[in-house]
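Beneath this line is the structure, given in C-alpha coordinates, with notes to follow.
Values in this document were obtained by computation on a predicted structure and should not be read as measured data.
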Amino acid sequence: ADVTQFDVNNNFALSYPERRPFFNEGSDLFSAGGHEWQPNIKPVYTRSINDPSLAIKILGRVGKTDYGMISALDEESGIVVPFENGSEIVAPGKSLVNVLRLKHSLDNSSYIGGVITDRRYETGSGTNVGTDGVYYFNQNMFINWQAFASMTQEPNDTSLSTEINGSKFGADSLTSDFDGEEYIGHQMFLRLTRSTRNSRFNCFVAEKTPTFRVDTGYLKQNHERNLGGNYTFIQYPKTDIVKNYMFTLATGRVWNYDMEIKLRWFYTSISGEFKGRIDGEINYFFTDENYLDSLYTDLKYLSFDLDKNFGEKFSIGTRGSNNKTIIRYLDTPEIGRSKSYSVWLRLKPTANININPSLNYNDAQKLDNDNYYYKGQRIRIRFTYQFSKYLSLRLVGQYFYQKDFVNDEIEKAVDLQPLISYQPNPFTIFYIGSSHDFDEGPNGYKAFDLLRNSRQFFFKFQYLFNTKG
(Lines give C-alpha, C1' and ligand atoms only; values in the text may rest on other atoms or scores of the structure.)
Protein backbone atom coordinates (compact mmCIF):
# COMPACT_ATOMS: atom_id res chain seq x y z
CA ALA A 1 0.00 0.00 0.00
CA ASP A 2 1.87 3.05 -1.29
CA VAL A 3 1.73 6.40 0.46
CA THR A 4 0.12 8.96 -1.88
CA GLN A 5 2.64 11.71 -2.60
CA PHE A 6 2.05 15.44 -3.12
CA ASP A 7 3.05 16.15 -6.72
CA VAL A 8 1.65 19.56 -7.77
CA ASN A 9 5.05 21.28 -7.92
CA ASN A 10 7.16 18.23 -8.68
CA ASN A 11 8.86 18.00 -12.09
CA PHE A 12 10.36 14.56 -11.42
CA ALA A 13 8.82 11.11 -11.83
CA LEU A 14 7.65 9.83 -8.44
CA SER A 15 9.62 6.99 -6.86
CA TYR A 16 8.09 4.40 -4.53
CA PRO A 17 9.74 1.73 -2.37
CA GLU A 18 9.42 -1.90 -3.39
CA ARG A 19 6.95 -3.77 -1.17
CA ARG A 20 6.40 -7.00 -3.09
CA PRO A 21 8.08 -9.95 -1.28
CA PHE A 22 9.19 -11.58 -4.54
CA PHE A 23 11.25 -8.55 -5.58
CA ASN A 24 12.37 -7.69 -2.04
CA GLU A 25 14.00 -11.08 -1.62
CA GLY A 26 17.72 -10.49 -2.26
CA SER A 27 17.16 -6.84 -3.22
CA ASP A 28 20.42 -5.77 -1.55
CA LEU A 29 22.36 -7.60 -4.25
CA PHE A 30 20.68 -5.59 -7.01
CA SER A 31 21.23 -2.29 -5.19
CA ALA A 32 24.01 -0.68 -7.21
CA GLY A 33 23.27 2.99 -6.73
CA GLY A 34 20.76 5.68 -5.84
CA HIS A 35 22.19 6.11 -2.34
CA GLU A 36 21.30 9.15 -0.25
CA TRP A 37 21.37 12.54 -2.01
CA GLN A 38 24.44 12.06 -4.18
CA PRO A 39 23.99 11.87 -7.96
CA ASN A 40 24.58 8.19 -8.64
CA ILE A 41 21.90 6.25 -10.50
CA LYS A 42 19.67 3.32 -9.61
CA PRO A 43 20.08 0.84 -12.52
CA VAL A 44 17.57 -1.66 -11.12
CA TYR A 45 14.23 -0.23 -9.96
CA THR A 46 11.89 -3.19 -9.72
CA ARG A 47 8.80 -1.00 -9.36
CA SER A 48 9.24 -0.33 -13.10
CA ILE A 49 8.14 -3.98 -13.53
CA ASN A 50 4.59 -2.85 -13.06
CA ASP A 51 2.35 -5.80 -13.92
CA PRO A 52 4.34 -9.03 -14.38
CA SER A 53 2.42 -12.00 -15.74
CA LEU A 54 5.53 -14.16 -15.25
CA ALA A 55 8.68 -13.46 -13.26
CA ILE A 56 11.73 -15.57 -12.42
CA LYS A 57 14.52 -14.73 -10.00
CA ILE A 58 17.72 -16.66 -9.34
CA LEU A 59 20.10 -15.85 -6.48
CA GLY A 60 23.30 -17.67 -5.60
CA ARG A 61 26.94 -17.52 -4.57
CA VAL A 62 30.06 -19.19 -5.93
CA GLY A 63 33.13 -18.62 -3.79
CA LYS A 64 33.34 -14.87 -3.14
CA THR A 65 31.00 -13.98 -6.02
CA ASP A 66 27.27 -13.37 -5.56
CA TYR A 67 25.07 -13.56 -8.63
CA GLY A 68 21.47 -12.73 -9.34
CA MET A 69 19.11 -12.77 -12.29
CA ILE A 70 15.61 -11.38 -12.79
CA SER A 71 13.51 -12.11 -15.84
CA ALA A 72 9.94 -10.83 -16.15
CA LEU A 73 7.21 -10.41 -18.74
CA ASP A 74 5.59 -7.06 -17.92
CA GLU A 75 2.09 -6.56 -19.29
CA GLU A 76 1.92 -2.82 -18.52
CA SER A 77 5.41 -1.36 -18.33
CA GLY A 78 6.10 1.93 -16.58
CA ILE A 79 9.48 3.47 -17.35
CA VAL A 80 11.10 6.70 -16.21
CA VAL A 81 12.18 8.94 -19.12
CA PRO A 82 14.69 11.60 -17.92
CA PHE A 83 15.52 14.99 -19.43
CA GLU A 84 17.55 18.03 -18.34
CA ASN A 85 14.86 19.65 -16.18
CA GLY A 86 12.88 16.66 -14.97
CA SER A 87 11.45 13.27 -15.84
CA GLU A 88 8.16 11.57 -16.65
CA ILE A 89 6.74 8.07 -16.30
CA VAL A 90 5.72 6.69 -19.68
CA ALA A 91 3.76 3.49 -20.38
CA PRO A 92 5.15 1.90 -23.57
CA GLY A 93 3.08 -1.29 -23.29
CA LYS A 94 4.32 -4.85 -22.90
CA SER A 95 7.99 -5.56 -22.37
CA LEU A 96 10.41 -8.37 -21.55
CA VAL A 97 12.83 -7.43 -18.74
CA ASN A 98 16.14 -9.16 -18.02
CA VAL A 99 18.64 -8.21 -15.31
CA LEU A 100 21.97 -9.88 -14.54
CA ARG A 101 24.00 -8.88 -11.48
CA LEU A 102 27.47 -10.03 -10.33
CA LYS A 103 29.20 -8.87 -7.15
CA HIS A 104 32.66 -10.11 -6.20
CA SER A 105 33.82 -9.54 -2.61
CA LEU A 106 37.37 -8.37 -1.98
CA ASP A 107 39.24 -7.88 1.27
CA ASN A 108 38.22 -5.31 3.92
CA SER A 109 34.58 -5.00 2.76
CA SER A 110 35.66 -3.94 -0.75
CA TYR A 111 33.86 -5.31 -3.80
CA ILE A 112 33.62 -4.94 -7.55
CA GLY A 113 30.37 -5.55 -9.39
CA GLY A 114 28.77 -5.59 -12.79
CA VAL A 115 25.20 -5.10 -14.04
CA ILE A 116 23.57 -5.84 -17.39
CA THR A 117 19.95 -4.82 -17.88
CA ASP A 118 17.74 -5.12 -20.93
CA ARG A 119 14.15 -4.20 -21.69
CA ARG A 120 12.55 -5.27 -25.00
CA TYR A 121 9.33 -3.72 -26.28
CA GLU A 122 7.23 -4.78 -29.26
CA THR A 123 9.27 -2.21 -31.19
CA GLY A 124 12.33 -0.82 -29.46
CA SER A 125 14.59 -1.63 -26.52
CA GLY A 126 16.76 -0.19 -23.76
CA THR A 127 20.02 -1.83 -22.65
CA ASN A 128 22.53 -0.89 -19.95
CA VAL A 129 25.96 -2.31 -19.19
CA GLY A 130 27.98 -1.07 -16.24
CA THR A 131 30.21 -1.59 -13.26
CA ASP A 132 30.19 -0.41 -9.66
CA GLY A 133 32.33 -1.00 -6.62
CA VAL A 134 33.89 0.04 -3.35
CA TYR A 135 37.60 -0.11 -2.56
CA TYR A 136 39.00 0.49 0.95
CA PHE A 137 42.56 1.82 1.06
CA ASN A 138 42.47 1.35 4.85
CA GLN A 139 39.82 1.23 7.55
CA ASN A 140 39.21 4.99 7.26
CA MET A 141 39.40 5.78 3.55
CA PHE A 142 37.64 4.33 0.51
CA ILE A 143 36.35 5.15 -2.95
CA ASN A 144 33.13 4.03 -4.57
CA TRP A 145 32.17 4.34 -8.22
CA GLN A 146 29.65 3.68 -10.97
CA ALA A 147 30.09 3.69 -14.74
CA PHE A 148 27.28 2.76 -17.13
CA ALA A 149 26.62 2.87 -20.85
CA SER A 150 23.13 2.87 -22.35
CA MET A 151 21.91 1.79 -25.78
CA THR A 152 18.39 2.98 -26.60
CA GLN A 153 16.14 2.21 -29.54
CA GLU A 154 12.87 4.02 -28.99
CA PRO A 155 9.55 2.30 -29.72
CA ASN A 156 8.25 3.48 -33.07
CA ASP A 157 4.83 4.66 -31.89
CA THR A 158 4.34 8.29 -30.83
CA SER A 159 0.94 7.47 -29.30
CA LEU A 160 2.84 5.74 -26.47
CA SER A 161 4.71 8.93 -25.52
CA THR A 162 1.96 11.56 -25.46
CA GLU A 163 3.12 12.73 -21.99
CA ILE A 164 6.51 13.83 -23.37
CA ASN A 165 5.95 14.54 -27.06
CA GLY A 166 7.05 17.84 -28.58
CA SER A 167 10.49 18.43 -27.03
CA LYS A 168 14.07 18.01 -28.26
CA PHE A 169 17.31 16.92 -26.61
CA GLY A 170 20.85 15.89 -27.53
CA ALA A 171 21.85 19.26 -29.05
CA ASP A 172 18.30 19.44 -30.48
CA SER A 173 19.11 16.57 -32.84
CA LEU A 174 16.67 14.10 -31.20
CA THR A 175 12.97 14.33 -30.38
CA SER A 176 11.28 13.26 -27.15
CA ASP A 177 8.59 11.45 -29.18
CA PHE A 178 8.84 7.66 -29.40
CA ASP A 179 9.58 7.69 -33.13
CA GLY A 180 12.14 4.89 -33.41
CA GLU A 181 15.34 6.93 -32.90
CA GLU A 182 18.51 5.17 -31.76
CA TYR A 183 21.24 6.64 -29.54
CA ILE A 184 23.82 5.78 -26.90
CA GLY A 185 24.74 7.52 -23.65
CA HIS A 186 26.90 7.13 -20.57
CA GLN A 187 27.06 7.96 -16.87
CA MET A 188 29.85 7.98 -14.30
CA PHE A 189 30.13 8.66 -10.57
CA LEU A 190 33.22 8.68 -8.34
CA ARG A 191 33.35 9.49 -4.63
CA LEU A 192 36.25 9.60 -2.15
CA THR A 193 35.37 9.22 1.55
CA ARG A 194 37.47 9.48 4.69
CA SER A 195 35.75 8.60 7.95
CA THR A 196 36.94 8.51 11.55
CA ARG A 197 35.16 8.45 14.89
CA ASN A 198 35.08 12.25 15.04
CA SER A 199 34.87 13.34 11.41
CA ARG A 200 33.73 12.36 7.95
CA PHE A 201 34.76 13.90 4.64
CA ASN A 202 33.78 13.06 1.10
CA CYS A 203 33.96 14.63 -2.34
CA PHE A 204 32.41 13.44 -5.57
CA VAL A 205 32.24 14.02 -9.30
CA ALA A 206 29.54 12.76 -11.67
CA GLU A 207 28.13 13.19 -15.15
CA LYS A 208 25.25 11.97 -17.32
CA THR A 209 24.91 12.62 -21.03
CA PRO A 210 21.63 13.95 -22.51
CA THR A 211 21.10 10.57 -24.20
CA PHE A 212 21.65 8.39 -21.13
CA ARG A 213 18.62 6.35 -20.03
CA VAL A 214 17.91 3.43 -17.70
CA ASP A 215 14.70 1.71 -18.80
CA THR A 216 14.92 -0.83 -15.94
CA GLY A 217 15.96 1.74 -13.32
CA TYR A 218 15.16 5.11 -11.83
CA LEU A 219 16.88 8.29 -13.04
CA LYS A 220 15.47 11.70 -12.03
CA GLN A 221 17.28 13.64 -14.77
CA ASN A 222 20.21 13.47 -17.16
CA HIS A 223 22.23 16.06 -19.13
CA GLU A 224 24.26 17.16 -16.09
CA ARG A 225 27.71 17.27 -14.48
CA ASN A 226 28.15 17.42 -10.70
CA LEU A 227 30.98 18.39 -8.38
CA GLY A 228 30.59 18.56 -4.61
CA GLY A 229 31.83 17.65 -1.19
CA ASN A 230 31.03 17.78 2.50
CA TYR A 231 32.68 17.63 5.91
CA THR A 232 31.01 16.37 9.09
CA PHE A 233 32.36 17.04 12.59
CA ILE A 234 31.21 14.52 15.25
CA GLN A 235 31.49 14.92 19.01
CA TYR A 236 30.62 12.71 21.99
CA PRO A 237 30.41 15.08 24.98
CA LYS A 238 30.48 13.56 28.44
CA THR A 239 27.25 15.12 29.69
CA ASP A 240 23.99 13.78 31.06
CA ILE A 241 21.97 15.49 28.30
CA VAL A 242 23.80 15.11 24.96
CA LYS A 243 25.03 11.70 23.81
CA ASN A 244 26.50 12.97 20.52
CA TYR A 245 26.11 15.74 17.99
CA MET A 246 27.18 16.28 14.36
CA PHE A 247 27.78 19.44 12.37
CA THR A 248 27.95 19.24 8.56
CA LEU A 249 29.04 21.71 5.88
CA ALA A 250 28.64 20.90 2.19
CA THR A 251 28.79 22.70 -1.13
CA GLY A 252 28.65 21.89 -4.81
CA ARG A 253 27.96 22.91 -8.38
CA VAL A 254 25.78 21.42 -11.10
CA TRP A 255 26.26 22.13 -14.81
CA ASN A 256 24.44 20.70 -17.76
CA TYR A 257 26.52 18.47 -20.00
CA ASP A 258 27.45 21.49 -22.12
CA MET A 259 29.01 23.10 -18.99
CA GLU A 260 26.33 25.77 -18.56
CA ILE A 261 25.86 26.42 -14.83
CA LYS A 262 22.55 25.07 -13.50
CA LEU A 263 22.88 25.12 -9.72
CA ARG A 264 25.14 26.51 -7.01
CA TRP A 265 24.36 25.12 -3.58
CA PHE A 266 25.48 25.30 0.03
CA TYR A 267 24.21 23.03 2.80
CA THR A 268 24.67 22.90 6.55
CA SER A 269 23.07 20.84 9.28
CA ILE A 270 23.35 20.11 12.95
CA SER A 271 21.96 16.98 14.54
CA GLY A 272 22.19 15.21 17.84
CA GLU A 273 21.18 12.28 19.97
CA PHE A 274 20.02 13.25 23.44
CA LYS A 275 19.19 11.64 26.73
CA GLY A 276 15.76 10.03 26.82
CA ARG A 277 15.95 8.55 23.30
CA ILE A 278 15.48 11.91 21.60
CA ASP A 279 16.93 12.59 18.14
CA GLY A 280 16.89 16.01 16.49
CA GLU A 281 18.17 17.61 13.29
CA ILE A 282 18.06 21.05 11.65
CA ASN A 283 19.03 21.52 7.97
CA TYR A 284 19.62 24.65 5.91
CA PHE A 285 20.03 24.53 2.13
CA PHE A 286 20.85 27.65 0.06
CA THR A 287 20.88 27.68 -3.75
CA ASP A 288 20.98 29.76 -6.92
CA GLU A 289 19.36 27.89 -9.80
CA ASN A 290 19.12 28.34 -13.55
CA TYR A 291 15.78 26.79 -14.46
CA LEU A 292 14.41 26.91 -18.00
CA ASP A 293 17.00 29.58 -18.92
CA SER A 294 16.00 31.88 -16.06
CA LEU A 295 18.19 32.53 -13.01
CA TYR A 296 16.50 32.27 -9.60
CA THR A 297 18.69 33.48 -6.73
CA ASP A 298 18.61 33.40 -2.95
CA LEU A 299 16.52 30.22 -2.72
CA LYS A 300 16.42 28.90 0.86
CA TYR A 301 15.27 25.59 2.36
CA LEU A 302 15.03 25.20 6.14
CA SER A 303 13.86 21.93 7.70
CA PHE A 304 13.79 20.16 11.06
CA ASP A 305 13.27 16.63 12.34
CA LEU A 306 12.52 15.65 15.95
CA ASP A 307 11.85 12.10 17.19
CA LYS A 308 11.18 10.74 20.66
CA ASN A 309 11.20 7.03 21.52
CA PHE A 310 9.39 6.21 24.77
CA GLY A 311 10.21 2.52 24.51
CA GLU A 312 8.92 -0.49 22.65
CA LYS A 313 5.26 0.50 22.98
CA PHE A 314 5.27 4.15 21.89
CA SER A 315 7.30 6.60 19.80
CA ILE A 316 6.48 9.92 18.15
CA GLY A 317 8.12 12.15 15.56
CA THR A 318 7.55 15.42 13.75
CA ARG A 319 9.10 17.05 10.69
CA GLY A 320 8.69 20.40 9.04
CA SER A 321 10.12 22.78 6.45
CA ASN A 322 9.86 26.42 5.40
CA ASN A 323 11.27 27.22 1.97
CA LYS A 324 11.76 30.00 -0.51
CA THR A 325 11.51 27.98 -3.71
CA ILE A 326 10.67 27.93 -7.41
CA ILE A 327 7.02 27.29 -8.27
CA ARG A 328 7.89 25.19 -11.30
CA TYR A 329 4.53 24.08 -12.64
CA LEU A 330 3.41 27.58 -13.69
CA ASP A 331 3.54 28.61 -17.36
CA THR A 332 6.09 31.21 -16.21
CA PRO A 333 7.81 29.87 -13.06
CA GLU A 334 8.23 32.28 -10.15
CA ILE A 335 9.58 32.28 -6.62
CA GLY A 336 7.15 31.49 -3.82
CA ARG A 337 7.18 30.26 -0.24
CA SER A 338 6.35 26.67 0.63
CA LYS A 339 6.02 24.91 3.95
CA SER A 340 5.28 21.41 5.17
CA TYR A 341 4.58 19.74 8.49
CA SER A 342 4.09 16.15 9.52
CA VAL A 343 3.64 14.10 12.67
CA TRP A 344 3.66 10.33 13.12
CA LEU A 345 3.06 7.85 15.94
CA ARG A 346 4.10 4.25 16.44
CA LEU A 347 1.92 2.40 18.93
CA LYS A 348 2.38 -1.19 20.10
CA PRO A 349 -0.18 -1.76 22.87
CA THR A 350 0.35 -5.53 22.83
CA ALA A 351 2.92 -7.90 21.38
CA ASN A 352 0.75 -8.66 18.34
CA ILE A 353 -0.77 -5.22 17.57
CA ASN A 354 0.90 -2.32 15.74
CA ILE A 355 -0.83 0.99 15.00
CA ASN A 356 0.93 3.66 12.90
CA PRO A 357 -1.05 6.88 12.26
CA SER A 358 0.46 9.89 10.46
CA LEU A 359 -0.61 13.38 9.38
CA ASN A 360 1.06 15.42 6.60
CA TYR A 361 0.36 18.96 5.37
CA ASN A 362 2.02 21.13 2.73
CA ASP A 363 1.29 24.34 0.85
CA ALA A 364 2.87 27.11 -1.22
CA GLN A 365 2.01 30.82 -1.22
CA LYS A 366 3.02 33.94 -3.08
CA LEU A 367 5.84 35.98 -1.57
CA ASP A 368 3.99 39.30 -1.61
CA ASN A 369 0.55 38.18 -0.33
CA ASP A 370 -1.27 35.29 1.29
CA ASN A 371 -2.68 33.79 -1.92
CA TYR A 372 -2.01 30.08 -2.29
CA TYR A 373 -0.55 28.26 -5.27
CA TYR A 374 -1.55 24.91 -3.78
CA LYS A 375 -2.15 23.11 -0.51
CA GLY A 376 -2.65 19.51 0.51
CA GLN A 377 -3.00 17.14 3.41
CA ARG A 378 -2.78 13.40 3.97
CA ILE A 379 -4.08 11.38 6.94
CA ARG A 380 -2.99 7.77 7.01
CA ILE A 381 -3.25 4.88 9.45
CA ARG A 382 -1.75 1.42 9.24
CA PHE A 383 -3.01 -1.29 11.58
CA THR A 384 -1.54 -4.79 11.83
CA TYR A 385 -2.61 -7.73 13.96
CA GLN A 386 -0.53 -10.90 14.21
CA PHE A 387 -2.95 -13.76 14.99
CA SER A 388 -0.14 -16.31 15.08
CA LYS A 389 3.33 -16.96 13.72
CA TYR A 390 1.79 -17.71 10.33
CA LEU A 391 -1.39 -15.60 10.07
CA SER A 392 -1.67 -11.79 10.09
CA LEU A 393 -4.11 -9.00 9.21
CA ARG A 394 -3.12 -5.59 7.83
CA LEU A 395 -5.51 -2.68 7.32
CA VAL A 396 -4.41 0.58 5.67
CA GLY A 397 -6.66 3.61 5.51
CA GLN A 398 -5.80 6.93 3.88
CA TYR A 399 -7.49 10.28 3.27
CA PHE A 400 -5.81 12.52 0.66
CA TYR A 401 -6.64 16.09 -0.33
CA GLN A 402 -4.75 18.33 -2.74
CA LYS A 403 -5.90 21.61 -4.30
CA ASP A 404 -4.21 23.51 -7.13
CA PHE A 405 -5.48 27.09 -6.80
CA VAL A 406 -3.81 28.21 -10.05
CA ASN A 407 -5.69 25.74 -12.25
CA ASP A 408 -8.68 25.39 -9.88
CA GLU A 409 -8.20 21.62 -9.64
CA ILE A 410 -8.89 19.42 -6.61
CA GLU A 411 -7.88 15.85 -5.92
CA LYS A 412 -9.62 14.18 -3.01
CA ALA A 413 -9.82 10.50 -2.20
CA VAL A 414 -10.23 7.89 0.53
CA ASP A 415 -8.54 4.48 0.24
CA LEU A 416 -9.13 1.38 2.34
CA GLN A 417 -6.95 -1.70 1.86
CA PRO A 418 -7.42 -4.80 4.07
CA LEU A 419 -5.05 -7.74 3.58
CA ILE A 420 -4.79 -11.18 5.21
CA SER A 421 -1.47 -13.04 4.89
CA TYR A 422 -0.78 -16.67 5.64
CA GLN A 423 2.85 -17.84 5.51
CA PRO A 424 3.21 -21.49 6.56
CA ASN A 425 6.93 -21.52 5.71
CA PRO A 426 9.61 -19.04 4.53
CA PHE A 427 8.98 -19.88 0.86
CA THR A 428 5.17 -19.94 0.67
CA ILE A 429 2.74 -17.05 1.15
CA PHE A 430 -1.02 -16.79 0.58
CA TYR A 431 -2.67 -13.36 0.30
CA ILE A 432 -6.37 -12.48 0.42
CA GLY A 433 -7.18 -8.80 0.18
CA SER A 434 -9.16 -6.00 -1.34
CA SER A 435 -8.84 -2.35 -2.28
CA HIS A 436 -11.64 0.21 -1.97
CA ASP A 437 -11.20 3.67 -3.51
CA PHE A 438 -13.69 6.50 -2.97
CA ASP A 439 -13.93 9.73 -4.97
CA GLU A 440 -16.03 12.90 -5.19
CA GLY A 441 -19.74 12.54 -4.44
CA PRO A 442 -22.73 14.31 -6.04
CA ASN A 443 -22.52 17.26 -3.63
CA GLY A 444 -18.96 18.10 -4.65
CA TYR A 445 -15.99 18.44 -2.37
CA LYS A 446 -17.41 20.77 0.24
CA ALA A 447 -19.42 17.97 1.83
CA PHE A 448 -17.67 14.77 2.81
CA ASP A 449 -19.84 12.94 0.29
CA LEU A 450 -17.68 10.35 -1.47
CA LEU A 451 -18.71 7.66 -3.92
CA ARG A 452 -16.91 4.38 -4.46
CA ASN A 453 -14.68 4.88 -7.48
CA SER A 454 -13.29 1.35 -7.68
CA ARG A 455 -13.26 -1.90 -5.76
CA GLN A 456 -10.94 -4.85 -6.21
CA PHE A 457 -10.69 -8.24 -4.54
CA PHE A 458 -7.71 -10.49 -5.06
CA PHE A 459 -6.16 -13.77 -4.05
CA LYS A 460 -2.44 -14.36 -4.52
CA PHE A 461 -0.21 -17.37 -3.98
CA GLN A 462 3.57 -17.07 -3.99
CA TYR A 463 6.17 -19.81 -3.80
CA LEU A 464 9.87 -18.99 -3.82
CA PHE A 465 12.39 -21.48 -5.15
CA ASN A 466 15.66 -21.10 -3.29
CA THR A 467 18.80 -22.16 -5.19
CA LYS A 468 22.32 -22.02 -3.79
CA GLY A 469 25.48 -22.21 -5.82
Side-chain angles (χ1 to χ4, degrees), residues 15 18 22-36 38-49 52 55-72 74 79-80 82 95-120 125-137 141-153 182-193 202 204-209 211-220 222 226 465-469:
S15 174
E18 182 58 81
F22 174 83
F23 291 107
N24 270 331
E25 180 75 20
S27 60
D28 288 347
L29 175 61
F30 295 95
S31 177
H35 304 293
E36 301 174 347
Q38 294 166 341
N40 44 351
I41 68 160
K42 185 181 292 185
V44 181
Y45 174 58
T46 52
R47 288 298 299 263
S48 72
I49 305 174
I56 300 171
K57 179 161 62 176
I58 298 174
L59 302 171
R61 183 178 179 89
V62 177
K64 291 186 176 182
T65 303
D66 294 289
Y67 62 87
M69 186 273 287
I70 298 175
S71 185
D74 194 358
I79 66 170
V80 178
S95 66
L96 175 63
V97 178
N98 287 288
V99 176
L100 176 63
R101 170 65 163 160
L102 298 174
K103 185 176 180 180
H104 181 72
S105 298
L106 304 172
D107 295 333
N108 302 321
S109 300
S110 302
Y111 79 87
I112 184 170
V115 182
I116 300 175
T117 70
D118 183 76
R119 192 164 207 148
R120 300 277 155 173
S125 63
T127 304
N128 294 91
V129 179
T131 180
D132 70 304
V134 175
Y135 182 77
Y136 280 83
F137 299 102
M141 184 177 294
F142 67 90
I143 60 170
N144 64 297
W145 71 88
Q146 282 184 332
F148 280 85
S150 66
M151 290 74 72
T152 302
Q153 180 182 358
E182 298 183 33
Y183 41 88
I184 61 175
H186 75 265
Q187 170 269 353
M188 62 80 63
F189 170 83
L190 178 66
R191 178 178 64 177
L192 171 67
T193 301
N202 74 64
F204 63 87
V205 61
E207 71 175 26
K208 310 178 191 78
T209 65
T211 52
F212 179 73
R213 292 189 177 177
V214 193
D215 283 11
T216 60
Y218 180 81
L219 180 61
K220 291 177 65 174
N222 56 20
N226 302 75
F465 296 90
N466 188 24
T467 63
K468 295 183 178 180

Report yes or no: is the cationic atom of Lys103 (NZ for Lys, CZ for Arg) under 6.0 Å from the centre of the six-membered ring of Tyr67, at an angle within 45° of the ring normal?
-> no
Distance from Thr211 atom OG1 to Asn222 atom CG, nearest 0.5 Å?
-> 7.5 Å
Atom CZ in Phe30, atom CD in Glu18: separation rounded to 0.5 Å?
-> 12.0 Å
Is there a side chain to side chain contact (heavy atoms under 4.5 Å, CB included) between Val99 and Ile116 once you walk through the steps?
-> CA-CA 6 Å; Val99 176; Ile116 300 175; over 6 Å; no
Test side chain to side chain contact (heavy atoms under 4.5 Å, CB included) applied to Thr216 and Thr117, Asp118, Ile49, the passing residue = Thr117
Rounded to the nearest 0.5 Å, the CD atom of Gln153 sits from the OH atom of Tyr183 at a distance of 10.5 Å
Any side-chain heavy atom of Asp74 within less than 4.5 Å of one from Ser95?
-> yes
Pair Arg119-Ser48, side-chain donor/acceptor within less than 3.5 Å = yes
Does the side chain of Gln187 come under 3.5 Å of the side chain of Glu207 through a donor N or O and an acceptor N or O?
-> no
Between the CZ atom in Arg191 and the CD atom in Gln146, the distance rounded to the nearest 0.5 Å is 10.0 Å
Just wondering, do Phe189 and Asn226 contact through their side chains at under 4.5 Å, heavy atoms?
-> no
His104 and Thr65: side-chain donor and acceptor closer than 3.5 Å?
-> yes
Short question: side chain of Arg61, backbone of Gly63 - any donor-acceptor pair under 3.5 Å?
-> yes
Only one of Tyr111, Tyr136, Tyr135 passes ring-ring contact (aromatic ring centres under 6.0 Å, His included) with Phe142, and that residue is Tyr136
Is a donor on one side and an acceptor on the other found under 3.5 Å between the side chain of Lys57 and the backbone of Ala72?
-> no
Asp66 side chain to Leu29 main-chain N or O, any donor-acceptor pair under 3.5 Å?
-> no
Side chain to side chain contact (heavy atoms under 4.5 Å, CB included) between Phe204 and Asn144, intermediate numbers included | CA-CA 9 Å; Phe204 63 87; Asn144 64 297; over 6 Å; no
With the side chain counted from C-beta on, respond yes when Ile41 and Phe148 share a heavy-atom pair under 4.5 Å apart, and no when they do not.
-> yes
Output all residues satisfying side-chain contact (heavy atoms from CB on, under 4.5 Å) with Ile184, sequence neighbours left out; order by chain, then residue number.
-> Met151
Do the side-chain N and O atoms of Ser150 and Arg213 include a donor-acceptor pair separated by under 3.5 angstrom?
-> no
Say you draw a straight line from OG of Ser110 to CZ of Phe137; how long is it, rounded to the nearest 0.5 Å?
-> 9.0 Å
